[in-house]
Amino acid sequence: MGTSKRLLLFLALIIAGIFIPAQEQEQAEAQEQQEPQAEKEQETAPASLELADQRGPMLFVHRLEWSQAEFSAYYVVILEQKRGEQYIEVLRRTIYDNFLDVSVPAGEYRYRLLSYNILGRLDTTTEWEYIIIIQAVEPSIFSFTPTNFYFDRKSLRVIYLEGINLNIDSEIYLQRRPGKDDAEFNPEDNQLIPKEVRVTDIGDRAQLAFDEEMLVEGVYDIIVKNPGGFEGQAGPFGISVAKPWDLNVSAGYFPLVKLFSNEDVLDKAGIPLAFGASASFLPYKKDFGFIGAELHTFLGYYEFQSNDELINSVHSSIFSVQVNAIYQYWFIKDTLALNARIGLGITSLLGYSFEFHTGKISDMQNFAFFSWGLGASAQWIFYRQLYLEGGLDYFHVHDGDYPMGFLRFRLCTGWQF
């Protein structure tokens, strides 16, 4: 090899020895500059790699907010998720605002703040704040039974629902629809909240139990509200009466006990031989009771020995027809009711006559008087529509200058149509 070639090779080795280390140093410096930037990007990433890689669970956006500290320049937010009995860190974020929106799956979490001042030094560390993120699902009702509650029928006040996503934390209630007469309608004042709600573990069935006293007549929708705001409904559901009216027909024994009377009209303790019949029609049926009218009639007979020197005995029939306003309240549906009544009528003394000591009988006379009465009774349905009724009335007859007042007992049987 010539001298010139040796010289060129030597110079090339010297240049390579200088250039290659310099290039490696530049690459190392560039890498050192990139590593802090990568750490900063990872620190301010929208979510941790562990959460970002999850594809199965549905993610929910939740805002974390806190009060701005006086000397804080920025914060580091640490978010941990509960897994079993431990909390695992899933997010660490540097933030310059006083809130942070995080997108995470449903679960139990806790977070705290590290507050740094303008010098980059840690000032304060907050206590852990615990939050629960619930997955919101939309409920749906497929069917429900029964479709009505009837005031005049004895039954359990329970609604059975079938559907999906019926949760134990769901709000389930009846919402009344506004009627024609509802000028001002407030939905919150027209809700019926069940006294008890039972839901299956898989959320496909539910039972709603109501108190009898809370029922109000109307047409309702069944509302289901799940946590998160999703809502489902079904309807209509009715609360009313099964029959638009009731007709009661009865007959029985109505003895009278005298409270006061002129001795010439009735000089004895009362009228034990008295029988009557009633027919009541109740077309107005509401949750507070039934209201209607009653036609009542009774016939009695009495005879007594007179202390008059000329008259030996007096006898007469008493006949009365009365129209009453009647109120009926069922303590036990289709079993036990209270009846209260008040009314006006006409009472007649028919065939009134007396027998003289000589044995001669006077001519029979008939009298008619204005009368009124009021009373109360209990009605017990013991077999189908067959019932017994017992009660007490006050009965008053205006007999000119000789009014008569009676306590009248009521013991009868009847049929409800």
Side-chain angles (χ1 to χ4, degrees), residues 56-63 101 103-109 131-244 284-290 330 333-334:
M58 182 183 296
L59 298 181
F60 302 91
V61 177
H62 188 83
R63 171 162 290 191
D101 291 331
S103 182
V104 293
E108 296 185 35
Y109 295 85
I131 58 176
I132 298 177
I133 298 178
I134 301 174
Q135 181 175 351
V137 292
E138 184 173 1
S140 181
I141 301 174
F142 300 152
S143 62
F144 59 92
T145 56
T147 57
N148 291 273
F149 287 156
Y150 293 112
F151 292 120
D152 51 348
R153 286 186 181 173
K154 185 171 54 179
S155 64
L156 292 176
R157 304 310 188 186
V158 178
I159 302 176
Y160 301 89
L161 307 180
E162 290 189 0
I164 57 172
N165 298 329
L166 307 175
N167 299 328
I168 189 63
D169 296 325
S170 300
E171 295 182 40
I172 310 179
Y173 57 90
L174 297 182
Q175 177 66 63
R176 189 170 73 88
R177 297 180 181 180
K180 297 180 180 179
D181 299 332
D182 293 320
E184 296 181 0
F185 185 82
N186 185 357
E188 294 183 358
D189 295 334
N190 291 273
Q191 295 177 356
L192 295 185
I193 309 299
K195 67 175 182 180
E196 184 180 4
V197 177
R198 294 183 179 181
V199 181
T200 59
D201 293 336
I202 61 175
D204 63 337
R205 295 184 184 88
Q207 295 181 16
L208 316 179
F210 294 84
D211 278 330
E212 184 73 32
E213 292 75 15
M214 70 171 56
L215 301 183
V216 179
E217 183 178 12
V219 178
Y220 293 80
D221 289 310
I222 304 173
I223 306 296
V224 181
K225 288 185 178 180
N226 277 356
F230 287 112
E231 179 179 321
Q233 69 177 49
F237 183 87
I239 300 179
S240 61
V241 293
K243 296 186 299 181
Y284 190 78
K285 303 172 72 173
K286 297 294 182 180
D287 56 323
F288 57 81
F290 304 166
W330 289 89
K333 298 301 181 185
D334 286 345

Q: List the atom of F149, the atom of I159, and the distance in Å for their closest heavy-atom pair.
A: CZ-CG1, 3.7 Å
**Q.** Flag side-chain contact, heavy atom, 4.5 Å: F151 against S240
**A.** no
Q: Would you check if Q175 and N190 make a side-chain contact, meaning some heavy-atom pair closer than 4.5 Å?
A: yes
(Q) Can you tell me how far apart CG (N165) and CZ (F230) are? Round to the nearest 0.5 Å. (A) 10.0 Å
**Q.** Between CD1 on residue I172 and CG on residue N167, distance to nearest 0.5 Å
**A.** 8.5 Å
Q. Measuring from I164:CD1 to I202:CD1, what's the distance to the nearest 0.5 Å?
A. 11.5 Å
Q.
Does any part of the side chain of Y160, heavy atoms only, come nearer than 4.5 Å to the side chain of E162, both counted from C-beta?
A. no
Q. Which heavy atom of F237 sits nearest a heavy atom of I239, and at what distance?
A. CE2-CG1, 4.0 Å
Q. Near F288 CZ, under 6.0 Å, is it more than 12 heavy atoms from other residues, nucleotides or ligands?
A. yes
**Q.** K243 to K285 - nearest heavy-atom pair and separation
**A.** O-NZ, 3.1 Å
Q) Can you find a heavy atom in the side chain of E231 that is under 4.5 Å from one in the side chain of I223? A) yes
Q | Where S170 and V224 come nearest, the two heavy atoms and their spacing | A | CB-CG1, 4.0 Å
Q.
Let me confirm one number: the CG-CG distance from D201 to D204, rounded to the nearest 0.5 Å.
A. 9.5 Å
Q: Calculate, to the nearest 0.5 Å, the distance between atoms CG and NZ belonging to D169 and K225 respectively.
A: 15.5 Å
**Q.** Minimum-distance pair of heavy atoms, taken over all atoms of R176 and E217
**A.** CD-O, 3.9 Å
Q. Can you tell me how far the CG atom of L208 sits from the OH atom of Y173, to the nearest 0.5 Å?
A. 12.5 Å
Q: Would you name the heavy atoms of S140 and F142 that are closest together and state the gap between them?
A: OG-CE2, 3.7 Å
